[in-house]
Visitor: 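My structure is below; once you've seen it, I'll send some questions.
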There are 2 protein chains.
Amino acid sequence: MLAHLSDNASPSIIAGTNARVGFDAQRNGKLWSNLKEICELLQLPAFASAADEEVLFQHVQFKAGQRIHTIGQPFDMLYIVNSGFLKTALIDEAGNEHVLGFPMRGDLFGMDGIHSKYHTCEAAALTSCDIILVPFKTLAALGRKHAELEIAIFSAMSRELVREQAMVSMLGSLSSEARVARFLVNLSDRFARMGYSGKQFNLRMTRQEIGSYLGLTLETVSRTFSAFNKIGLIAIDQRAVEIRDLHALKTLRRLPPSIGRPKAARPTQPSAEAA
Amino acid sequence: MLAHLSDNASPSIIAGTNARVGFDAQRNGKLWSNLKEICELLQLPAFASAADEEVLFQHVQFKAGQRIHTIGQPFDMLYIVNSGFLKTALIDEAGNEHVLGFPMRGDLFGMDGIHSKYHTCEAAALTSCDIILVPFKTLAALGRKHAELEIAIFSAMSRELVREQAMVSMLGSLSSEARVARFLVNLSDRFARMGYSGKQFNLRMTRQEIGSYLGLTLETVSRTFSAFNKIGLIAIDQRAVEIRDLHALKTLRRLPPSIGRPKAARPTQPSAEAA
DNA sequence: CGGCACGTTGAGAAAATTCAACTCACGTGG
DNA sequence: CCACGTGAGTTGAATTTTCTCAACGTGCCG
């Protein structure tokens, strides 16, 4: 119960250029961050002049299940995750959700809306979240003022582009096992970078959401987890994961045939038998 | 035989801020474009002050098979297609190519390199191409000068992001037939927008490249084309395509079972038979 | 203590791949 | 000028992978 929340996806106070820090930082249990803090959070090289900027960005809390933005909603903000876990997703014509990513601390999202001025995907909180609102116009204006910041914004978008390209490549060519393995390695990396254990962590999303993200069914995800568990690559119990053999997960391409589908070893010549 | 080309992916003349238009536009058979022309080519709203900019951007010609940039190559340019057809692709650890897109006239590419300062994918010409070189530093500086241009660059990157998200969603959830259908519809749209016929056109890429792009094997692509041909959605002969039923292609989810795989109608009860 | 969403597991079906043979178009060199 | 080699494309059959459907555990919230 972190804070009282207005409602679904429409924070009524607009982040921007008002506010003195000491006072407003505490008001309503909300926080405000300056440009320097944001650069650090995003792991951008905080450039010299950033410290001089007095612009403050508002934090807003969301509870699990709440949407930060929805499909079709007019775009005017970017969002930075200060804490908590989210998912971003597309809804296709048939009404099926397709998960695009799982933003967490330090991740920037909402950039899908820049082009059409409307969001083309939705973002929802998987846990309680603390999100920093970054009015796009404010950010663009700052970019025009500070060359390093402009480049940093381009860079952040480029990074997202590269990430999605890797995703496309993975979906296009890897087996289900390899996809699940890489998903775990990726989570492990991100938890480690956040200062948490990269070896033991809790999944914040359902098998369904993982499957949607990886282009697999929830059953295939579940079976693959079980198979990894059986051969000692991981230990998994519900949402609690322990990475046991990171290297194997990183390099895994395909499981030996007999593991995933427990079938008697097949003779190399499947010729005359089983009459 | 459009022009004499230096070599693979290393145009020796650096585009930038030199050059008087009338003279250099013809020198060496090369062309130079100003900011206004580029905005038009990219279908950006050409803003007022763009016309005043005297910066010129160099064109370079590539022949089919040549690479515009390679993986690992230091990034300093963006590229705009003035004419011709290309592919962009990732090479995975196993050495397999994974096609990411097929840039054509009006498309901007090379943005993958902004983040890491090195290109993470390669771009190769499928036909003879005329490419405009846009030094990234020059573009960023212009963005800082013109608010509308800065927004337009963000917008172009956002559009690419949304395009890739749609791709991820497609790879994650659509059948092979639906993917191929959408691929054809997408090509049709783009040809039409370029002023060519959206009904009849030539594929510039192999079945292998289409398959790689769609996350399918070349055989599946070929079979799907044949099936579409058989039921009259398209007419196809080698690389020549005629779109016969655009609406059906747009809405296709899955082919009726008997079409793709010509098998005798199976009894609803596959019980006692085939002794 | 239900009710219910989440997760696991199995068996059979469907989709797509693999392997293989064959055809076709095109360009090169004899 | 035509034979021939080669890369591209087509098609078939068998196999593999993944999905679908279904049943059953499990843990949590009201």
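Here is the naming used below: chain letters follow the sequence lines, and residue numbers restart at 1 for every chain. None of the values given here were measured: they were computed from a predicted structure. The analysis underlying the following values was restricted to heavy atoms, covering all of them including side chains, and did not include hydrogens, waters or symmetry mates.
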Visitor: Just N and O in the side chain of B:Thr220: are any of them under 4.0 Å from OP1 or OP2 of C:dT17?
Guide: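 B:Thr220 to C:dT17 OP1/OP2: side-chain N or O found under 4.0 Å.
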Visitor: Without decimals, in angstroms, what is the distance between B:Leu174 CG and C:dA15 P?
Guide: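 Taking atom P of C:dA15 as the reference, CG of B:Leu174 is at 14 Å.
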Visitor: I need the CG-P distance between B:Leu216 and C:dA15, as an integer number of Å.
Guide: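 Checked: the CG to P distance equals 14 Å.
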Visitor: Please collect all salt bridge (Lys or Arg N to Asp or Glu O under 4.0 Å) contacts where either partner lies in residues 85-104 of chain A, sequence neighbours excluded, each pair once.
Guide: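 Applying salt bridge (Lys or Arg N to Asp or Glu O under 4.0 Å) to every pair that reaches into residues 85-104 of chain A, excluding sequence neighbours, yields A:Lys87-A:Glu97, A:Lys87-A:Glu209, A:Glu93-B:Arg182, A:Glu93-B:Arg253.
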Visitor: According to a strict under-4.0 Å criterion, is B:Ser176 in side-chain N/O contact with OP1 or OP2 of C:dA16?
Guide: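 B:Ser176 to C:dA16 OP1/OP2: side-chain N or O found under 4.0 Å.
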Visitor: Would one find a side-chain N or O of A:Arg254 under 4.0 angstrom from OP1 or OP2 of D:dT17?
Guide: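 Yes, within the criterion.
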Visitor: Atom pairs under 3.5 Å, N or O on each side, protein against nucleotides 4-10 of chain D: can you list them with distances?
Guide:
residue	atom	partner	partner atom	Å
D:dG9	OP1	B:Arg239	NE	2.9
D:dG9	OP2	B:Arg207	N	2.9
D:dT10	OP1	B:Arg207	NH2	3.2
D:dT10	OP2	B:Arg207	NE	2.8
D:dT10	OP2	B:Arg207	NH2	3.4
D:dT10	OP2	B:Ser222	OG	2.7
D:dT10	O5'	B:Ser222	OG	3.2

Visitor: Between the two ends of the helix from C:dC1-D:dG30 to C:dG30-D:dC1, what is the bend in degrees, rounded to 10 degrees, where each end axis spans five pairs?
Guide: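 The end-segment axes of the helix from C:dC1-D:dG30 to C:dG30-D:dC1 are tilted 30° relative to each other.
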Visitor: Over all strands shown, is A:Gly211 touching base, sugar-phosphate only, or nothing at heavy-atom distances under 4.0 angstrom?
Guide: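 Here A:Gly211 touches no strand at all.
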Visitor: Just grab all the ring pair (Phe, Tyr, Trp, His ring centres under 6.0 Å) pairs involving residues 208-242 of chain A, residues at least two apart or on different chains.
Guide: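 Only A:Phe102-A:Tyr213, A:Phe183-A:Tyr213 qualify under ring pair (Phe, Tyr, Trp, His ring centres under 6.0 Å).
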Visitor: Could you check whether the rings of B:Phe109 and B:Tyr79 sit parallel, tilted or perpendicular, using 30° and 60° as the cut-offs?
Guide: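 If you compare the ring of B:Phe109 with that of B:Tyr79, the planes turn out parallel.
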Visitor: Let me know the distance between CG of B:Leu171 and C1' of C:dA15, rounded to the nearest Å.
Guide: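 For the pair B:Leu171 CG and C:dA15 C1', the rounded distance is 16 Å.
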Visitor: Looking at A:Gln208, is its backbone amide N or carbonyl O close enough to the side chain of A:Ser212 to form a donor-acceptor pair, meaning the two atoms are under 3.5 Å apart?
Guide: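 Checked: no pair found.
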Visitor: Could you report the tightest heavy-atom contact between B:Thr88 and B:Cys121, atom names first, then the distance?
Guide: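 Closest approach of B:Thr88 to B:Cys121, heavy atoms only: CB-SG, 4.5 Å.
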Visitor: Whole angstroms only, please: what is the CG-P distance between A:Leu203 and C:dG7?
Guide: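 In whole Å, C:dG7 P and A:Leu203 CG are 9 Å from each other.
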Visitor: Would you mind telling me which of A:Ile243, A:Asp245, A:Leu246 makes a side-chain contact (heavy atoms from CB on, under 4.5 Å) with A:Leu233?
Guide: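 Single side-chain contact (heavy atoms from CB on, under 4.5 Å) partner of A:Leu233 among A:Ile243, A:Asp245, A:Leu246: A:Asp245.
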Visitor: Strictly by side chain to side chain donor-acceptor pair (under 3.5 Å), give each pair with a member in residues 189-199 of chain B just once, sequence neighbours left out.
Guide: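 Qualifying pairs: B:Asp107-B:Arg190.
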Visitor: By the side chain to side chain donor-acceptor pair (under 3.5 Å) test, which pairs, at least two apart or in different chains, include something from residues 160-171 of chain A?
Guide: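 Checked against side chain to side chain donor-acceptor pair (under 3.5 Å) - neighbours excluded - the pairs reaching residues 160-171 of chain A are A:Glu160-A:Arg163.
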